[in-house]
Each structure stands twice: as C-alpha cells, then as structure tokens.
Amino acid sequence: MGSYKIAVIRGDGIGPEIVNEALKVIEKVGERFHHTITFVDVDMGGNATDKYGVSYPAGTAETCKACDAVLLGAVGDPKWGPDRPAEQRPETALLAIRKDLGLFANLRHATLRPALIDACPLKNEIAAKGMDVMMVRELIGGIYFGKRERYETEDRGVECTDLMAYSEMEIERIGRQAFELAMKRQKKVSSVDKANVLETSRLWRSVMHRLAQEYPEVDYEDILVDNTAMQLVRDPSQFDVVVTENMFGDILSDEASMITGSLGLLPSASIGATAPGLYEPIHGSAPDIAGQDKANPIATILSVAMMFKYSFDLPEEAAAIEAAVDKALADGWRTADIAKAGETVIGCKQMGDIICANL
Ligand code: IPM
Ligand code: MG
C-alpha cells in the first residue's frame with residue numbers, strides 16, 4: 001500500500017498512444033493492489049522543440065528527480081532530424097536525461113513469449129529452445145558521450161572523430177550490475193567486447209575478469225561482439241545475462257528484440273545508483289503509424305512491469321502485469337506488428353483495454 005509519483009514523458013510519434021495504455025494499466029494495478037499513484041507530465045523530445053524551441057527544456061531532470069520513477073513513451077521526430085542543431089533534436093534530450101539521472105545501466109529483457117513462438121523469425125527447432133536474455137547495456141559512457149570533432153584536412157576533405165572512452169569505474173559498476181542480476185537468474189554472464197581490436201575492450205575484459213572472481217558461482221564467458229551477433233541467431237537459448245558497452249548494446253538489443261517477434265514487445269529499465277529509474281520500450285516513435293491506433297503498447301506495458309519490480313520493489317504487481325499480457329497473447333489478440341496473415345488485428349487502445357481487463 002505504497003504511494004508513488006511517476007514522471008510521464010509521452011514524447012513523439014506513437015509515444016502518447018502507447019503511454020495512454022500504460023497509464024491505464026498502472027491505474028488498474030494501483031486499484032487492485034491499493035497503491036496511491038500520481039503522475040506528473042513532462043515535455044521532452046520533438047514536441048518540446050515545437051513548444052519551447054528546445055527538446056530538453058530546463059528543469060526536466062529536476063522534475064524527474066522529484067519523482068519515484070520515470071515512464072517514457074518514445075522520442076524522435078523527422079521534423080527535427082540530424083541536420084538540425086543539437087538542442088532541437090529529440091535524441092539529444094534522450095541522451096541528456098540518461099546522463100543527468102546517472103542511468104548507467106540499461107536492462108533490456110528479450111524473452112520469447114510462449115504464445116508468440118510463431119512470430120519468431122528463427123527456425124522452429126531453434127525457437128522451441130526458448131530465449132530469455134537480459135541484455136545489460138552501459139548507457140552513459142563510451143562513444144555516445146565521447147568528444148566529437150569535425151575539421152578540414154588539407155588533402156582528404158572534412159574529417160570527423162567520435163571518441164570512445166571507458167574508465168575502470170564505469171566498467172566495474174555496469175559489470176557488478178550484470179553479475180548481481182545473474183545471481184538472481186541462471187547465473188551466467190556473457191561479457192561482449194572487441195578485445196581483439198579495441199583498447200577500451202581490453203580494459204573492459206580485465207575489469208570483468210576481476211569481478212568474475214568475486215562471483216565464483218557465476219559461469220562467465222568473454223565473447224566478441226561479431227560472434228555474439230551470430231550466436232544470437234544461431235542459438236539464443238545459450239545466453240542468460242549479456243553485458244556490454246553502450247553502442248554494442250544498442251545494436252545487439254535491436255537484434256535480440258527482433259528474435260522475440262517484434263520490436264513492439266521489448267521493455268527496458270534504465271537504472272542508476274540513486275536517481276529514479278527510467279522505463280521505456282526499446283522501440284522508437286514510429287512516426288509513420290503515429291495517431292492511427294496501430295501501435296503495439298505491449299513493450300511500454302511490460303516496461304511498467306519492470307518499474308514495479310525494480311523501482312518500487314513490488315514483484316507481485318510486476319508478475320500480474322506480465323501475466324495479463326501473456327493472457328492477451330494466449331487468447332489470440334494481436335496488433336498489426338505481431339499478426340500473421342489472416343489473423344484479426346486489433347488497435348493499440350483495444351490491446352490496452354484487454355490487458356487491463358485481464359488485471
Ligand atoms: C535506443 C535508441 C537510442 C540509442 C537513440 C534514439 C539515440 O536507439 O534507445 O536504443 O541509440 O540509445
Ligand atoms: Mg537503439
């Protein structure tokens with residue numbers, strides 16, 4: 001019977017639609033388990049640029065820090081594309097809020113939901129072995145936040161650099177997160193790097209080896225990023241916790257999500273040492289289907305389940321949400337992204353209603 005305050009960033013594109021469904025689920029869980037939950041709306045992304053001229057208005061981080069958790073739909077708007085000044089681009093806001101809240105660990109949970117084995121693009125015999133991968137992505141370091149430069153050369157035209165830097169401290173705190181998670185799961189950690197080429201990866205590996213000694217129960221492996229990409233489609237059932245740096249994690253988590261059948265299914269939690277966690281689907285704002293009631297709200301709803309589990313320490317509520325989602329899928333309800341030819345397709349709002357009814 002707790003009391004929780006959630007900052008809500010609806011964002012751009014399909015963001016507002018999927019967030020609406022997630023809010024319905026939160027309210028339903030609040031009723032059923034007798035929690036008092038309040039919401040604070042926060043503008044961020046392309047919609048904020050429309051309103052205020054900047055995608056990350058002053059005070060955004062402070063408002064979020066005053067809450068117990070942050071729910072984010074999606075940001076991204078082609079109107080404010082890569083050619084625009086940084087302060088107008090939605091992605092700038094996303095990186096800034098991650099950094100300002102110190103959200104160094106991004107947990108992306110890729111599971112093959114039982115009712116959707118058919119949606120998995122891998123061969124049946126591979127899919128049948130199942131997949132339950134917790135991808136642990138470092139979120140506020142590496143090439144995403146390194147120094148960038150653009151300059152004229154005398155003979156090669158313009159040249160640019162993006163610096164990838166990692167410190168022992170940054171590697172150790174994400175590594176520890178991965179080992180701690182593994183202890184609560186199947187006790188396996190696969191640490192992904194490119195140590196045959198990159199110095200940052202060699203440091204990464206040595207810090208991980210040090211940590212592995214502290215967790216003798218955990219079955220630990222080093223695995224190169226290119227091999228990981230291949231192993232994920234060859235046999236994803238071999239992985240439990242996969243820990244990696246920022247950009248490798250960005251790429252591998254999209255690959256993992258597609259194996260689950262749709263980008264529309266994968267939730268994520270971004271957590272730091274102290275600040276409120278941020279919960280968002282791993283997919284983007286999908287401007288092409290925005291406002292048409294076609295989006296799949298499941299990734300956002302499952303992100304809410306992660307919020308209850310990781311930020312509020314309420315695993316029972318989290319399990320109830322997951323069960324409600326699984327029941328909707330088992331009963332055959334499908335949004336367009338996960339429907340097979342001939343299956344009846346429902347919209348975003350109806351999927352939300354069905355999941356709420358299951359609660
Ligand atoms: C993600 C997204 C972002 C990232 C983009 C939108 C900056 O792809 O959350 O995975 O690369 O982190
Ligand atoms: Mg990404």
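Every number for a ligand or one of its atoms is a count from 1 in the order of the listing. This chain uses plain numbering: 1 for the first residue, then up along the sequence.
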Legend entry - For Met131 against Ala256, the heavy-atom pair lying closest together: CE-O, 3.5 Å

Inset, instruction - List the atom of Ala115, the atom of Arg334, and the distance in Å for their closest heavy-atom pair. - result: O-NH2, 3.3 Å

Inset, instruction - Work out whether the distance between some heavy atom of Arg98 and some atom of ligand 1 is less than 4.0 Å. - result: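 True for this residue.
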
Inset, instruction - Assess Arg89 for proximity to ligand 1: is some non-hydrogen atom of it under 4.0 Å away? - result: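 Per 4.0 Å heavy-atom rule, Arg89 does not contact ligand 1.
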
Inset, instruction - Would you mind telling me which of Asp50, Asn47, Asp12 makes a side-chain hydrogen bond (donor to acceptor under 3.5 Å, both in side chains) with Trp80? - result: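 Only one option passes, and that is Asp50.
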
Inset, instruction - Go through the side-chain N and O atoms of Asp162 and Tyr144 and say whether any donor and acceptor fall under 3.5 Å apart. - result: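 Result is no, nothing qualifies.
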
Legend entry - Residue pair Lys188 / Gln186, side-chain donor-acceptor N/O under 3.5 Å: no

So which protein heavy atom does [atom] come closest to, and at what separation?
atom	answer
atom 1 (C) of ligand 1	Arg108 NH2, 3.3 Å
atom 7 (C) of ligand 1	Glu91 CG, 4.0 Å
atom 11 (O) of ligand 1	Tyr144 OH, 2.5 Å
atom 8 (O) of ligand 1	Asp250 OD1, 3.3 Å

Legend entry - Distance filter under 4.0 Å to Arg137 heavy atoms, resulting ligand 1 atoms: 1 (C), 4 (C), 9 (O), 10 (O), 11 (O), 12 (O)

Legend entry - Heavy-atom side-chain contact between Ile9 and Leu71 under 4.5 Å: no

Legend entry - Region of His283 engaging ligand 1 - heavy atom pairs below 4.0 Å: neither

Inset, instruction - Examine the proximity of ligand 1 to Met247 and report which part, side chain or backbone, both or neither, has a heavy atom under 4.0 Å away. - result: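 It is neither part, as no heavy atom is under 4.0 Å.
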
Legend entry - Option with minimal heavy-atom separation from atom 5 (C) of ligand 1, where the choices are Leu139, Ile282, Leu72, Leu94: Leu94

Legend entry - Heteroatom test (N, O or S) for Asp250 near the Mg ion (ligand 2), limit 2.8 Å: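 Yes, Asp250 qualifies, because one of its backbone or side-chain N, O or S atoms lies under 2.8 Å.
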
Inset, instruction - Tell me, with the steps shown, if Ile171 and Thr200 meet side-chain contact (heavy atoms from CB on, under 4.5 Å). - result: CA-CA 10 Å; Ile171 300 169; Thr200 43; over 6 Å; no

Legend entry - Distance flag, aromatic centroids of His209 and Tyr220, threshold under 6.0 Å: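 Yes, ring centres under 6.0 Å apart.
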
